[in-house]
Undergrad: 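Below you will find the structure I want to go over with you.
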Amino acid sequence: MVRLMILGAIAVSIAVAGIAWGPAPLTGGADPLHPEARAADAPDVPVAWTREFPKTDFSRRAVALDEILSGGPSRDGIPAIDDPQVQPVDLVRAVRDREPVLVVDLNGDARAYPLQILIWHEIVNDTVGGVPVAVTYCPLCASGIVFERTVDGRELDFGTTGRLRKSDLVMYDRQTESWWQQFSGEAIIGGLTGTRLEMVPAGTMPMARFRATHPDGRVLVPADPDLRRYGANPYAGYDTAARPMLYDGEMPPGIAPLARVVVVGDTAYSLDLIRDAGTVRVGDLVLRHVDDMASPLDRPRVSMGRDIGAVEVERVTGTGAREPARHHIAFAFAFHAFQPDGRIVTEPPR
């Protein structure tokens, strides 16, 4: 009861702030603030889950089922993109210079995925440089992460379950209907429970920087520009809200829960710290502020969002060369929720 009261209070505060639940209306799914009905022969599993995911082995799981909430839409209510359409960067006009794009560069194939599109679809099943990848973005955690889609020689493709755990997107693969945590890339329910997807080096940068650094790159464009309100932000005001949506866990110490951090392994660095310092060096790791970049979760139009800054993350090799380091940007609360033993750096290292 206390848990539901907390979630209800969050929902009320979000409604007062004028923030929408998300890109799909609350139809066809369970009320996210109340428990879902259970089946008589499987009292620990909601009926809606077994109906929507008949192939999922719910007896195999790595997390407690009561940690998972409905986000509103049902299975695939937020539709993944399975046949991504791309255009040469010099032909794309719908994405403004300050807008954030999630960039993947594999084997000479550089692609940018505008967050103005990902915010409405959350998953893109693509192949970049011959590598099958899942490009994922969870607006509620501000986490854009790219994974390889091949597991033990088998190519998977992913969709949205319509569920959240710790406010983070829970995906599923269509081959086994196992459920996967977007933030960690780990299968948490089903036959592949315990398996982890390999993270692919990727970074978020403003569109202007992608144009400058990848003149031969390609950009994801909508197959149907009228399908969604691309360029609009259905979560306007979310990243300046007091609390995360649909999250009742412990808040991170010493930093606002919706402050952005750059996650590198088990350490996260405040994005504000990097922007203020210009460059942060920790051992062989170099984090450098590079550009003005709009927050996609601030104003009603993505392109008008406040400047949150972009960052370049590299490691210095023994020869002095610099190589891109695996990292991603997320809200501080999400890092703390999924890596509670991790460290958040908010002051310049000495």
Side-chain angles (χ1 to χ4, degrees), residues 78-86 89 95 99-151 154-160 168-174 178 180-187 192 195-207 209-210 213-214 217-221 260-265 268 271 287 293 296 310-315 323-331 334-335 338-339:
I78 299 175
I81 296 176
D82 296 315
D83 183 21
Q85 308 296 304
V86 296
V89 63
V95 183
E99 288 193 45
V101 295
L102 183 55
V103 175
V104 185
D105 188 350
L106 294 174
N107 302 322
D109 185 2
R111 301 193 183 194
Y113 300 84
L115 295 198
Q116 65 153 263
I117 298 176
L118 292 181
I119 204 170
W120 295 98
H121 294 278
E122 301 189 358
I123 300 172
V124 180
N125 294 296
D126 204 354
T127 299
V128 180
V131 180
V133 298
V135 180
T136 71
Y137 178 66
C138 176
L140 299 189
C141 291
S143 54
I145 310 176
V146 182
F147 301 102
E148 289 193 24
R149 291 193 286 117
T150 303
V151 174
R154 185 181 188 183
E155 185 176 317
L156 306 177
D157 56 276
F158 293 87
T160 60
D168 182 57
L169 163 65
V170 177
M171 316 183 293
Y172 77 97
D173 72 80
R174 297 190 181 113
S178 297
W180 302 74
Q181 192 76 61
Q182 183 261 357
F183 198 93
S184 64
E186 180 181 3
L192 294 180
T195 304
R196 280 187 181 268
L197 301 172
E198 183 72 19
M199 186 175 169
V200 172
T204 304
M205 64 181 69
M207 183 63 173
R209 186 168 182 81
F210 180 74
T213 57
H214 299 85
R218 292 182 288 176
V219 180
L220 176 72
V221 296
R260 286 177 172 82
V261 295
V262 183
V263 180
V264 186
L271 193 58
L287 303 99
M293 185 171 72
V311 65
E312 187 175 75
V313 184
E314 298 175 317
R315 290 197 183 277
E323 298 178 346
R326 282 182 171 83
H327 70 282
H328 65 96
I329 296 174
F331 285 138
F335 173 79
F338 291 102
Q339 297 179 246

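From a predicted model like this one, the values you see are computed outputs, not experimental measurements.
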Undergrad: Is there a side chain to side chain contact (heavy atoms under 4.5 Å, CB included) between D83 and Q85? Walk through the geometry before answering.
TA: CA-CA 6 Å; D83 183 21; Q85 308 296 304; 3.3 Å; yes
Undergrad: Looking at side-chain heavy atoms only, is the closest gap between V219 and F210 below 4.5 Å?
TA: yes
Undergrad: Looking only at heavy atoms, which two atoms of R326 and P201 are closest? And how far apart?
TA: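 So the minimum-distance heavy-atom pair works out to NH2-CD, 3.8 Å.
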Undergrad: Side chain of Q339, backbone of G265: donor and acceptor closer than 3.5 Å?
TA: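 The answer is yes, because a donor-acceptor pair under 3.5 Å joins these two groups.
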Undergrad: Using modelled atom types only, decide if a donor and an acceptor are shared between the side chain of D168 and the backbone of Q182 within a distance under 3.5 Å.
TA: yes
Undergrad: Kindly compute the distance separating CG (L118) from CD1 (I81), expressed to the nearest 0.5 Å.
TA: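 Reported to 0.5 Å precision, the distance equals 7.0 Å.
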Undergrad: Minimum heavy-atom separation for A134 and R149, please, with both atom names.
TA: N-CG, 3.3 Å
Undergrad: Between H121 and Y137, does the ring centre distance come in under 6.0 Å?
TA: no
Undergrad: With rounding to the nearest 0.5 angstrom, report the CD to CE distance, E122 to M171.
TA: 10.5 Å
Undergrad: Evaluate the side chain to side chain contact (heavy atoms under 4.5 Å, CB included) criterion for residues V264 and R315: first the C-alpha distance (whole Å), next the side-chain angles of each, then the deciding distance (0.1 Å), finally the verdict.
TA: CA-CA 11 Å; V264 186; R315 290 197 183 277; 3.7 Å; yes
Undergrad: I need the minimum non-hydrogen distance between I145 and F183, along with the two atoms involved.
TA: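 The answer is CD1-O, 3.5 Å.
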Undergrad: List in chain and number order the residues that pass ring pair (Phe, Tyr, Trp, His ring centres under 6.0 Å) with F331, two or more places apart in sequence or in another chain; answer none if no residue qualifies.
TA: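 Y238.
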Undergrad: V135 vs V128, test: side chain to side chain contact (heavy atoms under 4.5 Å, CB included). Steps then yes/no.
TA: CA-CA 10 Å; V135 180; V128 180; 5.8 Å; no
Undergrad: Measure the spacing between OG1 of T204 and CD1 of I329 and express it to the nearest 0.5 Å.
TA: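 One gets 5.0 Å once the value is rounded to the nearest 0.5 Å.
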Undergrad: Short question: side chain of S178, backbone of L192 - any donor-acceptor pair under 3.5 Å?
TA: yes
Undergrad: Restricting to ring pair (Phe, Tyr, Trp, His ring centres under 6.0 Å), what partner residues turn up for Y172, sequence neighbours left out?
TA: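 For Y172, the residues satisfying ring pair (Phe, Tyr, Trp, His ring centres under 6.0 Å) (neighbours in sequence not counted) are F53.
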Undergrad: How far does CG of L102 sit from OG1 of T136, to the nearest 0.5 angstrom?
TA: 8.0 Å
Undergrad: Of the non-hydrogen atoms in P132 and G130, which two are nearest, and what is the gap between them?
TA: CD-O, 3.6 Å
Undergrad: Measuring from H327:NE2 to M199:CE, what's the distance to the nearest 0.5 Å?
TA: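 Those atoms lie 7.5 Å apart.
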Undergrad: Show, in sequence, the C-alpha distance, side-chain angles and deciding distance for V89 and M207, and conclude whether the side chain to side chain contact (heavy atoms under 4.5 Å, CB included) test is met.
TA: CA-CA 9 Å; V89 63; M207 183 63 173; 3.9 Å; yes
Undergrad: Could you grab the distance from atom CG of L156 to atom CG of D173, nearest 0.5 Å is fine?
TA: 4.5 Å
Undergrad: So do I117 and V124 actually touch side chain to side chain, heavy atoms under 4.5 Å?
TA: no
Undergrad: Fit a plane to each ring of F158 and W180, take the angle between them on a 0 to 90° scale, and name the class: parallel (under 30°), tilted (30 to 60°) or perpendicular (over 60°).
TA: perpendicular
Undergrad: Looking only at non-hydrogen atoms, find the nearest pair between N107 and G129 and report the distance.
TA: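 The pair with the smallest heavy-atom distance is ND2-O, 2.7 Å.
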Undergrad: Are E148 and L197 side-chain neighbours, meaning at least one heavy-atom pair lies under 4.5 Å?
TA: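 No, too far: nothing below the 4.5 Å cut-off.
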Undergrad: Which pairs, with at least one residue in residues 124-136 and sequence neighbours excluded, count as a salt bridge (charged side-chain N to carboxylate O under 4.0 Å, His left out)?
TA: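 Of all non-adjacent pairs touching residues 124-136, those that pass salt bridge (charged side-chain N to carboxylate O under 4.0 Å, His left out) are R111-D126.
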Undergrad: Is the shortest heavy-atom distance from the side chain of D109 to the side chain of R218 under 4.5 Å?
TA: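 Yes, close enough: below the 4.5 Å cut-off.
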Undergrad: For the backbone of E186 and the side chain of R196, can you confirm whether one donor and one acceptor N or O come within less than 3.5 Å of each other?
TA: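 No, the answer is negative, given that no donor and acceptor are paired below the 3.5 Å cut-off.
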Undergrad: Considering all heavy atoms of both residues, which atom of G159 and which atom of A80 are nearest to each other, and what is their separation?
TA: CA-CB, 4.2 Å
Undergrad: Salt bridge check, D82 against R174: does any charged N sit closer than 4.0 Å to a carboxylate O?
TA: yes
